[in-house]
Amino acid sequence: MAAPTKITALRQALLDWYDREGRTLPWRLRPEDRRAGRVADPYAVWLSEIMLQQTTVPHATPYWFRFLELWPTVGDLAAAPREDVMREWAGLGYYARARNLHACAIEVSQQLNGRFPAELQPLRALPGIGEYTANAILAAAFDKPASVVDGNVERVLTRFYRIETAMPKAKPEIRKLAGELADPDRPGDYAQAIMDLGATICTPRSPDCEACPWAFACQGRARGDMLNYPKKLKKIARPIRHGTAWLVRRQGRVWLRQRADTGLLGGMMEVPSSEWGEAGVAGDPPFEAAWEDRGEIRHVFTHFELRLSVREAEAGPGWEPREGIWAEDNALQDHALPSVMHKVVSRRKPASER
DNA sequence: CAACCGTGGTG
DNA sequence: TCACCAAGGTT
């Protein structure tokens, strides 16, 4: 274990670097803001942390502004219809986050007087808030001591200490080190500093060690094998699933329905399709018609790749769907359509050709 | 605890 | 093209 004096030196080097070169992000309190006595809005911080889970800053940023504009307080978000929340989340992915986001807003609003807890366990108990997010909120929103360990911190620390244990087994070890390193006097700035270090200097593929405030003591840097960390177990190949999507039109509208509340794309809208499985199992169309072949769309999910054959037909007057809605052709953005379904819908025959 | 859960960018 | 990855959580 590192000696206390060394820990102090590391803290100082990191915070000096952060004070000098730390990024400015919309949801982030800068060091000078804290010194001026400004405090963060826990709601805005929480919103950013949920959106940033497994999501890049450029992708999440416009969503964060949009949500705050629509729902400036946690009470506003809690009062919103869930379908509105799902619609605004569409395109961000991991839709359980949106369901949990709404559930969390309702819980905070109705049971906690609209205030986010400033302690670890109550935060952890809220839907969508796990170990990382609870600690991140403690640090960023309340400037309280925390052990903030995200993918950035894992990479920085496994490289720095050349931790041989493979992820995710190394997590407890990393959490302990992160907690010891964190600056008790500036928890909020420190947490953001070490994440910034991973995001901008100690990057996955081409770390800029020359610019790193920790290069002087980094074991991976000394050995020149920092790219071998963090150690990871090899992952399994992604299987391919096939299906057929039934793109049904009726007078400038498209048939959509809501997916089941849980599981993949839970609660989002979809173009109805066959089951997704082995190739060659087309399934039955919803009605007999001269279905037009509109080609195949491909979409990569986390654990499988989907190939959907798109078939299109105009529904006759005699057919009505048992469920779902007729969405206006030119107002599809008003519905909670995930990206994969936008791909399907985009195969629609242009109105000029109908 | 391993599997499940999206999307878009990048080398 | 393709593998990898990004401020993880839930079951």
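Every chain is numbered from 1 and lettered A, B, ... according to where its sequence line falls, protein lines coming before strand lines.
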Select from A:R238 and A:M195 the residue whose nearest nucleotide in DNA chain C is closer to the 5' end of that strand.
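The residue closer to the strand's 5' end, by nearest nucleotide, is A:R238.
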Centres of the [X] and [Y] rings: under 6.0 Å?
| X | Y | result |
| --- | --- | --- |
| A:W255 | A:W246 | no |
| A:F301 | A:H303 | no |
| A:W46 | A:F116 | yes |

So does A:R99 get a side-chain nitrogen or oxygen closer than 4.0 Å to the phosphate oxygens (OP1/OP2) of B:dC5?
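A:R99 to B:dC5 OP1/OP2: no side-chain N or O under 4.0 Å.
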Any A:H303 side-chain N or O less than 4.0 Å from OP1/OP2 of B:dC5
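For B:dC5, OP1 or OP2 has a side-chain N or O of A:H303 closer than 4.0 Å.
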Can you say whether a donor on the side chain of A:T55 sits under 3.5 Å from an acceptor on the base of B:dG6, or the other way round?
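Check passes, donor-acceptor contact within cut-off.
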Assess whether one donor atom and one acceptor atom, taken from the side chain of A:R97 and the base of B:dC5, lie less than 3.5 Å apart.
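Donor-acceptor pair under 3.5 Å: no.
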Nearest-angstrom distance, C1' atom, C:dA7 to B:dA3:
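To the nearest whole Å, 22 Å.
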C:dG9 and B:dG8, which share atom name P, separated by this distance in whole Å
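Pairwise P distance, B:dG8 against C:dG9, rounds to 22 Å.
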So if I take every side-chain heavy atom of [X] and compare against [options], which nucleotide ends up nearest?
| X | options | value |
| --- | --- | --- |
| A:L264 | B:dC5, B:dT7, C:dG8 | B:dC5 |
| A:T302 | C:dA6, B:dC5, C:dG9 | B:dC5 |
| A:K232 | C:dT10, C:dC5, B:dT7 | C:dC5 |
| A:Y95 | B:dG6, B:dG11, C:dA6 | B:dG6 |

If you count the non-hydrogen atoms of other residues, nucleotides and ligands that lie under 6.0 Å from CD in A:E88, is the total more than 12?
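Result for CD/A:E88: enclosed.
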